Each structure stands twice: as structure tokens, then as C-alpha cells.
Amino acid sequence: MVKNFNLMKIKNITCIGAGYVGGPTMSVIADRCPDIRVTVVDMNADRIAAWNSDHIPIFEPGLDVVVKRARGKNLFFSTDIDASIKSADCIFMSVNTPTKTEGEGAGRAADLKYIIACAEQIARSAQNHTIVVEKSTLPVRTAEKIKEILAKNSKHTFDVLSNPEFLAEGTAVKDLENPDRVLIGGENPEAIAALSDVYAQWVAKEKIITTNVWSAEMAKLAANAMLAQRVSSINSLSAFCEATEADIDEVAKVLGSDSRIGPKFLKAGIGFGGSCFQKDILNLVYLCEHYGLTEVAAYWEQVIVMNEWQKKRIAQLVIKKLGGSVKGKKIAVLGFAFKKDTNDTREAPAISVCETLLKAGAEVVIFDPKVSENQVADDLLHLSSQPSQFKCVNSASEACLGADTAIVLTEWDQFKSIEWLSIALKMSSGAWVFDARNCTNHTAIRAAGLNLWVVGKSNQSA
Ligand code: UDX
Ligand code: ADP
């Protein structure tokens, strides 16, 4: 085993996976560490071509500027995976870990096929002692599996570290440049020190937390589960507020002003989406069941149950308020991404809401400032009986033309200043606005003569 600290100095990073985690993370590392050469590789040639173009494949505020600053200097995007592994002293695994769709643990356990393929590829091509870093969120004890694959398939030596990423989409650059903490789990203090040195080039040392590898893997799952739990908790209370005279904004303000609770992640809405929360909780539930912790599994599963309920309940409420049927009715969907400031639609609540409406026979017209028409088609085509049942347009105003209702499903900033007065003139008489994100100008909507329903509020019109 190589134990010489100098040999552990990281000079050449390869990241396998140029997605929402790998792309932004490596761009910021390259930008902050000019002495380190960073190469991001992916088997998806189109994605790599986009990273090398003026239209990077991910919309993330500020990311294009960071990429332009470092690309071609010490940041490279390539499809030559083997060559890049060969030259690396540190390899990040940032490949996707979706929920398994078949076999043992289907619907719950994380599918590790991409991670396993990646470990095999590293074992085949690595030339020297290499630090392998788990960046993707992985089930607890995956590092052990990675180590086994590396030991079995390579004559070289490896250190495996867990360095889960905490960035949130929409604020990725800010989160990476100024993280709350950086977590590094591992066994070999020299490898941990080498990776800490990379982050220490721009992150204060006291923010770099080191743990054993299992705690790091577990902490990432737990952090996502606790965040999702807050969203489900406030959403459960939103339904309670609607049934009473209470107001979710007022309740959240009171809760958030308790320093033990804190104000963040208390925004009621249509439910959480994104590639992490649901997947990680399902994975946690699966692992709890595996270890015989039935009550613990049931506890966390309820966070998902509540999230599904919120999406269904609001979609059904739209149908109810429109007289019990939306067959042939025109519905404007404002916002399709799972949150603002991203073009990501993975597990977007809008998909579930559109599914209910399309199945009930509605005609759905979608406007999202960043999600492409192709992406919407990918997400919805298999859910509608005819492709003509939904379409995308280029503005909120166009979506509302002739609509019986508008539903706000993503909290894009531009929706705060929609000109409801002029839009109302184009909508059907008696039209509704459902603000499932509590992000629009309610006074303007009411003043325009539209019926309004807002998540977590009582006194709804009509
Ligand atoms: C999350 C974690 O925040 C991040 O640390 C981890 O690395 C990946 O998973 P992300 O899914 O990108 O990040 O976004 P996040 O801001 O956490 O939002 C997740 C979902 O919860 C979104 O659909 C968002 O709209 C919803 N949400 C969040 C609410 O409905 N209310 C809130 O108060 C906060
Ligand atoms: P995340 O949100 O976790 O970043 P993404 O799906 O956006 O997930 O990105 C993961 C990327 O990893 C994809 O672009 C995919 O093509 C890539 N990938 C998966 N497995 C491999 C592999 N074995 N070699 C190279 N790239 C891979």
C-alpha cells in the first residue's frame, strides 16, 4: 500500500459522469484549483459535445461562466474514458444510481449497475495507486463492494473514499463555492488528507468533516431524508390549514422563528421532486427492512406517502373545483421543472399532476422557461391517450389563451409578475388559478376577477 503523503497529492482528477452532479462539481473544482487538471468523461457523446459547446447541457445559474473560465485550461470534457482513467490519480464516480426496476429490491433499492460498471472500468484501466471517490449517493456499505471489484480486477492499489455531494439544483454553483460542509469518509488518513487539500483551496478547514466511510454514506441518505421529511411535514400542515382558518405562511413563520427548527425548507407546495429525495428515501426504507428495522422503514416510507398524496390531492381538487370533470377542458400548466432555476424534470410533481389531468381527458398546455419541448414529450408521451392532448408554448400568457384554469407548479420568479389583468381577458369566463407553489401575486389574480386557490390557505374563492 502506498502511504507516502507526497504521492497522495492530487494533481489529476477524472470524473466519470457528466450529469447534474459531476458537471457542476468538477467545473467548480477546476475553477478553484488551477493546478489540478480535471477531466469529466461520459459515455453519452451528445452530453460531452454539449459541455464542449456554447450551450452546456445543464441550466444552472452562473455555471456557464464558471465553465467558460476553466474549460480548455484545466477543465476538459471527453468520451475517452479509459485514457482519462489511466492518467488520473483521483477518480470521482458521479454516475446515476436510479431505483431498481426489476429483481430483488425493485421499486426501492438503488440500482448499482452503473457504479459496478464504473468500478470495473477503473480496475481495467488504472495504472498507479488511485483514490476512488464515491460522489453519487449510494447505499451504505457500497464502498465495500467497490473495493472488492477493484481488488479482484486490478493489480494496482486503491483508496476508496465517500464524498457525497450536497449541492441543490438551481443553486449548485453557490452551494459548491460556499458549502455548509464538505464530507469525506474513508479509512486511510492520507487519502482523506489528499482530498481535503483539494477542497481546502477554497473551503474553510473547519467546514471539512471527516468520518468513517459508512457514516459518510449514511449521513448523505439521512440528510436527504430529513430534508424531504420537512417538506412532507409542512405539506401535511398545508392541508390542515386549508380545512381550517389557519394560514400556512403564518404557521411556517412561527415555526421557523424557533431557532431549534429554523426557517428553511418550510415552504408548502405541490410536493418534492428531483432525482434524490424519493430515490434516497426508498433506498433507506429498503435498507431498514433489510436490517429488520420494520418500524423505522415504515416511518420513513410515510414521507413518500405524504408526498404522493399532496400531488394527487391537488390534481383531484382541480378536477373537483372545475365541476367534477375536466374532459375537453383546457388547462394551462405554468412550470414543469421540479423546482425553479433548473431544467431538470426528474420526479417533477408536474408529471404526476399532468398524468391525472390527461387521464381525466383534459387538454394541457405547458409553459416552462427552461424545460425543452422534447423533455416534456419524453415525460408525458406515454401518459396521454393522444399526443395532441398536450403541447408546450413560449409564455404564460400563450398557455392561458382560452384556458379554463391555470395551475402553477414551479415557483419560477417570473411567475410573481404575471400580468393577470390582461391574461384574464384571454381565459374562459369563471376561470381558475391554482397556485400550488404559493408564489404568485394573489391580489392581482383576484383583482383580475379570476377564481383563486392557493396551497395552505383557507377562504378560497368560489
Ligand atoms: C436535494 C438536497 O437539497 C441536496 O442537498 C442534495 O444534494 C440533492 O437533493 P435538490 O433535489 O436539487 O437537492 O433540490 P432541493 O432544493 O432540496 O428541493 C427538492 C424538492 O423539494 C423540490 O421539488 C422543491 O421544490 C421541494 N421543496 C423544497 C419544497 O417543496 N419546499 C421547500 O421548502 C423546499
Ligand atoms: P446525476 O444527477 O447523479 O449527476 P445524471 O443522470 O445527470 O445523474 O448523470 C449521470 C451521468 O453518468 C450520465 O450522463 C451517464 O451517461 C453517465 N454514466 C453512467 N454510467 C457511466 C459509465 N459507466 N461510464 C461513463 N459514464 C457513465
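In this text the structure is predicted, and so the values were computed from the model without any measurement. One-based numbering, in listed order, for ligands and for the atoms of each.
Shortest contact from atom 18 (N) of ligand 2 to any protein heavy atom: Val95 CG1, 3.7 Å. Ranking protein heavy atoms by distance to atom 19 (C) of ligand 2, first place goes to Asn96 OD1, 3.4 Å. Here the protein heavy atom with the shortest distance to atom 8 (O) of ligand 2 is Arg346 NH1, 3.5 Å. The protein atom (non-hydrogen) at minimum distance from atom 16 (O) of ligand 2 is Asp42 OD1, 2.6 Å. Ranking the protein heavy atoms by distance from atom 3 (O) of ligand 2 puts Val21 CG2, 3.8 Å first.
Residue Tyr114 places no N or O, backbone or side chain, under 3.5 Å from any N or O of ligand 2. Inclusion of Tyr20 in the set of residues having an N or O under 3.5 Å from an N or O of ligand 2 is warranted. Ligand 2 has no N or O atom lying under 3.5 Å from any N or O atom of Glu169, backbone or side chain. In terms of polar-atom proximity, defined here as any N/O pair under 3.5 Å, Asn44 makes no such contact with ligand 2.
Pocket lining of ligand 1, defined as residues with a non-hydrogen atom under 4.0 Å away: Glu165, Phe166, Leu167, Ala168, Glu169, Lys220, Asn224, Leu227, Val231, Phe265, Leu266, Lys267, Phe272, Gly273, Cys276, Phe277, Phe338, Lys339, Arg437.
Between atom 5 (P) of ligand 2 and the options Arg47, Lys135, Met43, the minimum heavy-atom separation is to Arg47. Relative to atom 24 (N) of ligand 2, the option among Asp46, Ile16, Ile58 with the closest non-hydrogen atom is Ile16.
For the pair Leu334 and Thr410, the minimum side-chain heavy-atom distance is 4.5 Å or more. Here the side chains of Thr39 and Ile13 are not in contact, with every heavy-atom distance at 4.5 Å or above. You'll find the side chain of Thr405 reaches within 4.5 Å of the side chain of Phe434, heavy atoms only.
Under the side-chain contact (heavy atoms from CB on, under 4.5 Å) criterion, Ala143 pairs with Glu134, Val160, Val213, Trp214, Glu217, not counting sequence neighbours. With sequence neighbours left out, the ring pair (Phe, Tyr, Trp, His ring centres under 6.0 Å) criterion links Trp202 to Tyr199. Residues satisfying the side-chain hydrogen bond (donor to acceptor under 3.5 Å, both in side chains) test with Ser215, not counting sequence neighbours, are Asn212.
Between the side chains of Glu245 and Ser458, not a single donor N or O lies within less than 3.5 Å of an accepting N or O.
Around atom NZ of Lys320, no more than 12 heavy atoms belonging to other residues, nucleotides or ligands sit under 6.0 Å away.
Near Ser94, the atoms of ligand 2 lying under 4.0 angstrom from a non-hydrogen atom of the residue are 10 (C). Those atoms of ligand 2 with a heavy atom of Gln121 less than 4.0 angstrom away are 23 (N), 24 (N). Under a 4.0 Å criterion applied to the non-hydrogen atoms of Gly19, ligand 2 contributes the atoms 4 (O), 5 (P), 7 (O), 9 (O).
In this pair, Phe272 and Phe277 present their aromatic rings perpendicular. The plane angle is above 60°, beyond the 30 to 60° band.
Closest approach of Gly262 to Arg230, counting heavy atoms only: O-NH2, 2.9 Å. Taking all atoms of both residues into account, the shortest heavy-atom contact from Glu165 to Thr25 is OE1-CG2, 3.8 Å.
With a 6.0 Å cutoff to the six-membered ring centre and a 45° limit on the axis angle, Lys370 counts as a cation-pi contact of Phe59.
Contacts of Ile81 with ligand 2, taken as heavy-atom pairs under 4.0 Å, involve the side chain alone.
Partner Val408 forms a side chain to side chain contact (heavy atoms under 4.5 Å, CB included) with one of Val454, Val455, Asp435 and no other, that one being Asp435.
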